[in-house]
Amino acid sequence: MISTYLHRMTSHRSVLCLISGMVAIWAAAGALGLATGALSLGAAAERRLPWQSLSLAAIGLALVVAAPMAVVAVLAAQGDRRCARAAIAAGFALVAWILAQIVVLRELSWLQPVCILAAIAVVALGMALLDERARL
């Protein structure tokens with residue numbers, strides 16, 4: 001029951017659950033779009049991909065961004081003690097993904113700074129949760 005989780009969630013956990021869940025959904029949708037061909041990066045960017053493979057990019061996006069952020073959202077909702085460290089790791093993974101994307105594709109998008117801000121928020125919230133645990 002969702003009410004079971006809500007009464008245990010601190011404001012940090014609630015915001016972390018929301019942000020990481022949204023990033024997970026965006027990344028999963030992006031991975032699905034790349035894998036099905038519904039999303040295109042443009043011919044020039046696709047030529048720069050390793051093995052020119054949108055499928056490989058989709059798998060990477062799902063494994064490096066969508067899955068870790070989904071795990072963070074679930075851990076935050078459940079009040080799991082591993083949430084803080086998972087959030088920090090997932091936030092840094094997102095930053096690494098965006099930096100690799102910029103290096104490989106050599107293109108900038110408005111979504112990249114938005115994702116970097118989301119990653120910073122996830123890391124900061126993870127650190128705040130670590131701080132909360134240390135004070136208890």
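Quick note: residue numbers are just sequence positions, from 1. Quick caveat: nothing in here was measured; it's all calculated off a predicted structure.
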Common cluster, I116/L108, ILVMFWY with side-chain heavy-atom separation under 4.5 Å
yes

Specify the closest pair of heavy atoms between M127 and I88, including all atoms of both residues, with the distance to one decimal.
CG-CD1, 3.8 Å

Donor-acceptor pair, Q78 side chain versus L75 backbone, under 3.5 Å?
no

Please report the C-alpha distance between C83 and L129 in whole Å, then the side-chain angles of each, then the deciding distance to 0.1 Å, and finally whether the side chain to side chain contact (heavy atoms under 4.5 Å, CB included) criterion is met.
CA-CA 8 Å; C83 177; L129 287 176; 3.9 Å; yes

When clusters are formed by joining ILVMFWY residues with side-chain heavy atoms under 4.5 Å apart, either directly or through shared neighbours, do I120 and M69 land in the same one?
yes

Could you give the distance from CD (Q112) to CD1 (I102), rounded to the nearest 0.5 Å?
4.5 Å

Calculate, to the nearest 0.5 Å, the distance between atoms CG and CG belonging to L61 and L54 respectively.
11.5 Å

Search all heavy atoms of V65 against all heavy atoms of A27 and return the closest pair with its distance.
CG1-CB, 3.6 Å

In Å, rounded to the nearest 0.5 Å, how long is the span from CG of L125 to CG of L130?
11.5 Å

Please check if V122 and V64 belong to a single hydrophobic cluster, counting links between Ile, Leu, Val, Met, Phe, Trp and Tyr side chain heavy atoms closer than 4.5 Å.
yes

Side chain to side chain contact (heavy atoms under 4.5 Å, CB included) between V72 and L16, intermediate numbers included:
CA-CA 8 Å; V72 170; L16 179 59; 3.9 Å; yes

Considering all heavy atoms of both residues, which atom of G33 and which atom of T36 are nearest to each other, and what is their separation?
O-OG1, 3.4 Å

For P50 and V104, work out which heavy atoms get closest and say how close.
CD-CG1, 4.1 Å

Walk me through it: do L94 and V23 pass the test side chain to side chain contact (heavy atoms under 4.5 Å, CB included)?
CA-CA 9 Å; L94 177 53; V23 172; 4.0 Å; yes

One should read off an interatomic distance between C115 SG and W26 CH2, to the nearest 0.5 angstrom, of 6.5 Å

Under 4.5 Å between side-chain heavy atoms, counting indirect links through other Ile/Leu/Val/Met/Phe/Trp/Tyr residues: same cluster for V71 and W97 or not?
no

Shortest non-hydrogen pair, G91 vs A119, comes out as O-CB, 3.4 Å

Point-to-point distance, once rounded to the nearest 0.5 Å, from CG of L99 to CZ of F92
11.5 Å

Could you walk me through whether L34 and L41 pass the side chain to side chain contact (heavy atoms under 4.5 Å, CB included) check?
CA-CA 8 Å; L34 288 172; L41 301 176; 4.1 Å; yes

Would you say R48's side chain and L105's backbone share a donor-acceptor pair under 3.5 angstrom?
yes

First locate atom CG of D131, then atom NE2 of H12, and finally report the distance between them rounded to the nearest 0.5 Å.
9.0 Å

Least distance between heavy atoms, A58 atom then A31 atom:
CB-O, 3.2 Å

Verify same cluster id: V114, M22 (apolar side-chain graph, 4.5 Å):
yes

